[in-house]
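FYI, the numbering just counts along the sequence from 1.
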Amino acid sequence: MPKLTIDDIEVTVEPGTSLLQAAEQLGIEIPRFCYHDKLSVPANCRMCLVEVEGAPKLAASCAMPCGDNMKVKTGSEKVRRARQGMMEFLLINHPLDCPICDQGGECDLQDQAVAYGFDRSRFEEDKRAVKDKELGPVVKTVMTRCIHCTRCVRFGDEVAGTQELGVLNRGEHLEIGTYVEQMMTSELSGNLVDVCPVGALTAKPYEFIARPWELVKTESIDALDAVGSNIRIDCRGNQIMRVLPRLHEDVNEEWISDKTRHACDGLRVNRLDRPYVRDAKGKLKPASWTDAFETVAERLKGVDGRKIAAVTGDLCDVESMMALKDLMTGLGSPHLECRQDGAKFDPYQVCGYGFNTTIAGVEEADAILLIGTNPRWEAAMLNARIHKNWRAKNTKIGLIGPHANLNYEYTHLGTGSDALEDLLNGKHSFASILEKAEKPMLILGMGAVRRDDGLGVHAMARAVAEKFGMVRDDWNGFNLLHLAAARMGALSIGFVPDQARGGLDMDGIIAASKKGDIEVLYALGADELPYDRLGKKTFVIYQGHHGDVGAARADVIFPGAAYTEKSGLYVNLEGRVQTARKAAFPPGDAREDWTILRALSSHMGYPLPYDHPAELRARLIQENEIFDHIDQIPHAAWKNFAADAGDVKKLPFRLPVANFYKTCPVSRASVTMQECTDAFVDKTMEKKRANA
């Protein structure tokens with residue numbers, strides 16, 4: 001291991017460590033623009049120059065590996081003058097936009113110009129101007145500000161997997177842009193704003209909205225998919241201004257998807273801010289909390305618990321689902337369901353419904369099989385991990401299901417269960433790749449189990465995993481890819497049908513509703529439930545935060561809080577328990593969901609045994625000990641499953657997400673997500689129809 005001296009301080013580092021990284025370990029700051037620890041090293045901004053004893057000239061510390069007995073100076077007079085000269089060059093064509101630039105206050109160029117810049121410029125010629133580029137509804141460009149660090153180019157190629165940005169021309173005419181005029185067709189394009197060290201790329205929906213020093217910053221968790229990306233919510237007053245990524249190497253690294261980042265404007269519109277009760281004429285009328293509670297209590301009086309069902313939605317926190325489960329148990333209902341999409345898998349075997357490889361573990365795999373899934377749209381940050389693996393190791397990837405643009409090369413094995421059966425029988429060439437792999441893995445998507453024979457498909461996928469050595473003591477390559485942030489949390493507390501008492505699943509609840517056997521349905525944020533298939537006489541209690549499909553069908557509406565307006569726990573697809581924190585208050589008379597259920601239980605004569613969040617948290621730990629281990633992944637031992645899973649029909653799989661930008665009430669209400677849909681999804685469909 002190299003041992004060197006930096007500014008008279010000795011340090012021992014791992015082989016391959018750059019001088020810049022070694023200096024950071026010592027707490028020594030070296031300015032940089034082009035260097036980013038998640039991207040390749042171009043060494044083209046020259047701001048990180050340092051003096052190495054014995055070297056003929058200053059060295060770029062980001063690209064210079066540490067060597068034994070090196071002596072490095074980062075703050076000598078020679079280095080200081082070089083940095084001033086580089087800053088003078090960088091500012092030659094840079095416009096004086098700081099007063100109106102959205103990057104003001106968090107701009108690397110602004111900060112480093114103050115710390116390392118020169119107090120005057122010798123440049124007297126006219127500044128050049130560069131035409132702005134149209135990159136889509138998310139990213140605004142002011143290319144005259146660009147300093148050609150190429151971070152955006154490298155991000156698009158190395159992380160997003162879309163080689164659309166590049167360097168054009170040379171010398172005075174050099175600029176960043178797309179070779180053919182087009183928008184950046186990536187669901188990760190918003191991260192360009194974060195990697196840009198100047199104001200050349202800024203967030204278009206956030207344009208001229210707020211300044212960073214005006215905002216209150218809250219660390220939280222994203223609930224718009226099952227990845228559980230770590231985020232920071234910035235608010236001014238009670239209004240959410242923006243959402244930014246927060247570093248978590250094992251989950252989302254330091255990136256987030258465009259939906260996570262910009263769907264927050266949907267929290268401002270179409271909100272439920274008061275209770276509603278449907279009158280005798282079939283119209284929803286505003287009501288007080290007391291009237292709404294009494295209406296529900298009166299309707300449930302004397303109803304057999306077996307005629308009551310409860311379904312939870314995709315954005316629910318664990319506390320609210322626990323409260324609903326306890327309420328339903330008190331009423332005697334065995335019909336609890338968290339799979340409003342009708343997915344078929346064994347909800348009692350943790351190893352069968354978890355993402356056992358873990359998100360970070362994807363990088364270790366040397367062969368990947370995708371079944372009935374498009375991870376680019378179902379879990380964008382997971383797809384970025386797969387792309388990272390493929391780019392680093394040229395990992396062989398196979399896909400069973402509809403063709404999809406995944407931003408990496410894959411072998412298409414077929415469209416349905418017949419291809420999966422052929423693979424299991426060793427009839428496909430990809431079988432030999434799985435056999436030779438040391439750490440093979442498969443990802444089973446909701447598109448494969450959202451069908452009548454889902455249990456059979458699930459069993460066949462397990463058989464593939466066992467046959468090709470995907471499940472061992474030191475490796476588990478079987479994974480089920482959930483779409484909902486609430487799904488794993490609900491499964492962890494057992495919000496599933498009570499088999500011992502004849503509990504019904506989603507299909508059973510719908511069928512019983514049509515027959516009149518389910519008289520009351522409690523829908524907790526369940527907006528993807530097929531309400532049109534329910535019986536007309538079923539009394540629906542909807543508790544949620546948007547006037548979406550569920551509210552339209554409801555007989556009583558309880559206005560709840562969105563994921564940014566309450567503190568609670570979420571369990572991501574790999575079983576990691578994470579804490580979301582309250583960043584704003586719910587609008588109007590809306591309340592946090594568990595408190596609504598607690599108040600309702602008192603009106604019904606079954607008061608829940610907790611009045612404080614700490615008491616409810618203790619109840620969760622009593623139900624499942626994983627809630628006492630925040631940010632840890634529990635181990636799920638592989639077990640034998642029920643042999644009778646039913647026959648599998650030879651039908652093609654269907655992808656569960658048709659539009660990445662509109663998957664929940666929040667994103668459907670978002671103006672920015674509608675603009676993204678118009679720009680990317682609708683135009684893509686038009687091209688497909690034209691080509692057909």
Side-chain angles (χ1 to χ4, degrees), residues 1-2 4 6-7 11-68 70-75 79 82-83 85-87 89-90 107-109 111-112 115-116 146-168 170 174-176 186 188 191-198 200-201 245 247 249 253-255 363 384-385 387-394:
M1 297 174 66
L4 67 157
I6 301 178
D7 290 348
V11 61
T12 302
V13 298
E14 295 288 336
T17 302
S18 68
L19 291 178
L20 188 149
Q21 292 169 326
E24 283 188 337
Q25 292 179 23
L26 295 174
I28 299 172
E29 181 185 12
I30 296 179
R32 83 297 295 269
F33 290 113
C34 67
Y35 175 80
H36 191 286
D37 58 0
K38 296 296 182 186
L39 305 175
S40 58
V41 181
N44 57 11
C45 78
R46 317 309 287 183
M47 269 302 290
C48 66
L49 294 173
V50 295
E51 187 176 356
V52 180
E53 189 175 277
K57 57 182 180 179
L58 298 180
S61 60
C62 65
M64 174 69 73
C66 294
D68 229 4
M70 267 187 175
K71 291 186 178 180
V72 181
K73 295 179 181 179
T74 67
V79 170
R83 289 174 181 170
M86 287 311 305
M87 184 61 69
F89 273 116
L90 289 173
C107 173
D108 292 347
L109 182 64
D111 295 341
Q112 293 184 36
Y116 304 100
C146 180
I147 61 171
H148 310 138
C149 69
T150 69
R151 279 191 187 182
C152 56
V153 177
R154 286 174 284 139
F155 173 84
D157 185 21
E158 299 167 15
V159 179
T162 52
Q163 299 177 344
E164 294 167 334
L165 290 175
V167 181
L168 309 173
R170 300 183 66 187
L174 186 143
E175 61 181 275
I176 303 290
S186 171
L188 305 180
N191 295 288
L192 294 175
V193 177
D194 294 335
V195 300
C196 182
V198 296
L201 303 176
L247 178 66
E249 293 288 1
E253 297 185 292
E254 56 186 273
W255 321 117
E363 297 182 28
R385 290 276 187 174
H387 176 267
K388 183 178 180 181
N389 180 325
W390 170 79
R391 182 179 173 84
K393 302 192 294 188
N394 195 26

Asks: Is a donor from one side chain sitting under 3.5 angstrom from an acceptor on the other, for D157 and Q163?
Replies: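 Side-chain D/A pair, D157 to Q163: present.
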Asks: Around K393, counting heavy atoms of other residues, nucleotides and ligands shown, do more than 12 lie under 6.0 Å from its NZ?
Replies: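 More than 12 within 6.0 Å, yes.
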Asks: Once you round to the nearest 0.5 Å, how far does SG of C146 lie from CG of L174?
Replies: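 Going from SG on C146 over to CG on L174, the span is 8.0 Å.
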Asks: Could you tell me whether a side-chain N or O of R154 sits under 3.5 Å from a main-chain N or O of C149, the two making a donor and an acceptor?
Replies: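 Yes, R154 side chain to C149 backbone: donor-acceptor pair under 3.5 Å.
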Asks: Output yes when a side-chain donor or acceptor of R151 lies under 3.5 Å from a complementary backbone atom of Y35, and no otherwise.
Replies: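 Yes; judged by distance alone, with no hydrogens or angles, the pair exists.
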Asks: Taking C-beta and beyond as the side chain, do R83 and P31 meet within less than 4.5 Å on heavy atoms?
Replies: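 Yes, side chains in contact.
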Asks: Please find the pair of heavy atoms, one from C45 and one from M86, that lie closest to each other, and give the distance.
Replies: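 Heavy atoms of C45 and M86 come nearest at O-CE, 3.2 Å.
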Asks: Which residues satisfy the ring pair (Phe, Tyr, Trp, His ring centres under 6.0 Å) test with H36, sequence neighbours excluded?
Replies: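 In terms of ring pair (Phe, Tyr, Trp, His ring centres under 6.0 Å), with neighbours along the sequence ignored, H36 is linked to W255.
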Asks: If you take all heavy atoms of C66 and S18, which pair is closest and at what distance?
Replies: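 Closest pair (atom of C66, atom of S18, distance): SG-O, 3.5 Å.
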Asks: In Å, rounded to the nearest 0.5 Å, how long is the span from CG of L188 to CG of D194?
Replies: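 Nearest 0.5 Å value for the CG-CG distance: 11.5 Å.
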Asks: As an exercise, state the distance from CG of L201 to CG of N191, rounded to the nearest 0.5 Å.
Replies: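 Taking CG in L201 and CG in N191, the distance rounds to 12.0 Å.
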Asks: With W390, which residues qualify under ring pair (Phe, Tyr, Trp, His ring centres under 6.0 Å), at least two apart?
Replies: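 For W390 the ring pair (Phe, Tyr, Trp, His ring centres under 6.0 Å) partners, ignoring immediate neighbours, are H387.
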Asks: With respect to V72, which candidate in I6, V79, D7, V11 satisfies the side chain to side chain contact (heavy atoms under 4.5 Å, CB included) definition?
Replies: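 Single pass found, and it is I6.
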Asks: Report the distance from atom CG of L19 to atom OG1 of T74, rounding to the nearest 0.5 Å.
Replies: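 Rounded to the nearest 0.5 Å, the CG-OG1 separation comes out at 10.5 Å.
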Asks: side-chain hydrogen bond (donor to acceptor under 3.5 Å, both in side chains) with K73: which residues, sequence neighbours excluded?
Replies: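 For K73 there are no side-chain hydrogen bond (donor to acceptor under 3.5 Å, both in side chains) partners, ignoring immediate neighbours.
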Asks: I need the full list of side chain to side chain donor-acceptor pair (under 3.5 Å) pairs touching residues 46-64, with sequence neighbours left out, sorted by first then second residue.
Replies: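 Sorted pair list: E51-S76.
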Asks: What are the two closest non-hydrogen atoms of P197 and I147, and how far apart are they?
Replies: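 Minimum heavy-atom contact is CG-CD1, 4.2 Å.
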Asks: Who are the side-chain hydrogen bond (donor to acceptor under 3.5 Å, both in side chains) partners of Q25, not counting sequence neighbours?
Replies: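 By the side-chain hydrogen bond (donor to acceptor under 3.5 Å, both in side chains) rule, Q25 matches no residue at all.
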Asks: Name all residues meeting the ring pair (Phe, Tyr, Trp, His ring centres under 6.0 Å) criterion together with F33; count only those two or more places apart in sequence or in a different chain, and write none if there are none.
Replies: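 Applying ring pair (Phe, Tyr, Trp, His ring centres under 6.0 Å) to F33 gives none.
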Asks: Salt bridge or not between E254 and K38? Use side-chain N to carboxylate O under 4.0 Å.
Replies: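 No, E254 and K38 are not salt-bridged.
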